[in-house]
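Step one of this worksheet: look at the structure below.
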Amino acid sequence: ERAAGVYHREARSGKYRLTYAEAKAVCEYEGGHLATYQQLEAARKIGFHVCAAGWMAKGRVGYPIVKAGANCGFGKTGIVDYGIRLNRSERWDAYCYNPNGKECGGVFTDSKHVFKSPGYPEEYENEQICYWHIRVRYGQRIHLQFLEFDVEEDTACLADFLEIYDSYDDINGFVGR
């Protein structure tokens, strides 16, 4: 999600597989750098929520929580902060910052909204990750309608995919891929 320039990255091999040096390299490869605690907090304040610990600048590890959940954030909101890690070989995800990153993701509260991948109708870029948060009042329903949907052919849905969650809870909120 492009929330104040901050976004989350995993290793290509999966969750919690990046050392500090690797996390720095991932962000720098994309033209950014590891996010500072303050940048992650600014993103969290405008809706950035990820239930996965990641490296930040200066070897710090943590993750942003907007809404408390039973399986994430220990029932609290804010930055869950693991502090500065002395062992830079520990493996986590990464929180990158790039204020010039392409617009991707966001928070929507309108009754109707059309959103699309960056550069549409051209193809999206490799390694593109977007998070769209659709918020409605309690008791309201969300109806998703796809006018056009085209991803790389992969029967296992590992290369390109869309995942839907019905809450901020990354474990119990998973609906499908």
Side-chain angles (χ1 to χ4, degrees), residues 1-18 26-33 35 39-54 63-73 77 93-177:
E1 176 176 349
R2 186 172 181 264
V6 174
Y7 55 97
H8 170 258
R9 285 290 184 262
E10 294 180 358
R12 288 181 187 222
S13 55
K15 192 172 187 177
Y16 298 149
R17 303 239 173 121
L18 298 170
V26 164
C27 296
E28 289 169 2
Y29 176 77
E30 297 177 347
H33 56 80
Q39 289 164 338
L40 190 62
E41 174 60 11
R44 187 200 67 80
K45 285 182 178 177
I46 60 173
F48 188 56
H49 174 105
V50 182
C51 190
Y63 59 96
I65 298 298
V66 172
K67 182 179 177 189
N71 297 309
C72 189
T77 60
D93 290 347
Y95 285 99
C96 304
Y97 174 77
N98 183 353
N100 301 314
K102 294 192 186 296
E103 185 65 45
C104 183
V107 179
F108 304 121
T109 57
D110 299 339
S111 60
K112 286 187 177 185
H113 192 92
V114 175
F115 52 95
K116 51 196 169 192
S117 60
Y120 178 85
E122 301 300 319
E123 291 184 2
Y124 50 85
E125 293 184 20
N126 291 331
E127 306 299 320
Q128 183 74 61
I129 298 176
C130 304
Y131 293 91
W132 285 284
H133 297 272
I134 304 169
R135 295 186 182 158
V136 296
R137 289 192 186 108
Y138 182 78
Q140 289 183 317
R141 293 179 179 262
I142 297 172
H143 174 81
L144 297 176
Q145 181 180 11
F146 297 93
L147 303 175
E148 188 172 338
F149 191 84
D150 184 26
V151 295
E152 182 178 333
E153 191 171 327
D154 175 15
T155 55
C157 292
L158 297 174
D160 294 356
F161 55 86
L162 166 74
E163 287 183 338
I164 298 178
Y165 296 81
D166 70 357
S167 75
Y168 279 117
D169 187 330
D170 290 358
I171 298 170
N172 297 318
F174 181 71
V175 172
R177 178 183 281 196

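The first residue in the sequence is number 1, and the count goes up from there.
Residues forming a ring-ring contact (aromatic ring centres under 6.0 Å, His included) with Phe161 (at least two apart in sequence, or on another chain): none. For His113, the side-chain contact (heavy atoms from CB on, under 4.5 Å) criterion is met by Phe108, Asp110, Phe115, not counting sequence neighbours. Not a single salt bridge (charged side-chain N to carboxylate O under 4.0 Å, His left out) links Glu123 to another residue, sequence neighbours left out.
Taking both residues in full, the closest heavy atoms of Thr77 and Ala68 are given as CG2-N, 3.6 Å, listed atom of the first, atom of the second, then distance. Residues Cys72 and Ile65 come closest through the heavy atom pair SG-CD1, 3.3 Å. Annotation for His8 and Phe48: closest pair N-CZ, 3.9 Å, computed over non-hydrogen atoms. The two residues Ala11 and Leu18 make their nearest non-hydrogen contact at CB-CD2, 3.6 Å.
Annotation: Phe149, atom CZ; neighbour count of heavy atoms from other residues, nucleotides and ligands within 6.0 Å is above 12. More than 12 heavy atoms of other residues, nucleotides or ligands lie within 6.0 Å of CD in Gln140, so this atom counts as buried by the packing criterion.
The aromatic rings of His33 and Tyr97 sit tilted relative to each other, their planes meeting at an angle between 30° and 60°.
No donor-acceptor pair closer than 3.5 Å links the side chain of Tyr63 to the backbone N or O of Tyr95. In terms of modelled atom types and a separation under 3.5 Å, the side chain of Asp93 and the main chain of Tyr16 share a donor-acceptor contact.
Between Leu162 and Arg177 there is no side-chain heavy-atom pair separated by less than 4.5 Å.
Of the inter-residue distances, the one linking Cys51 atom SG with Lys67 atom NZ reads 13.5 Å to the nearest 0.5 angstrom. If you take OG on Ser117 and CD on Glu122, they are separated by 10.0 Å, rounding to the nearest 0.5 Å. The distance from atom CZ of Arg141 to atom CG of Asp166, rounded to the nearest 0.5 Å, is 11.5 Å.
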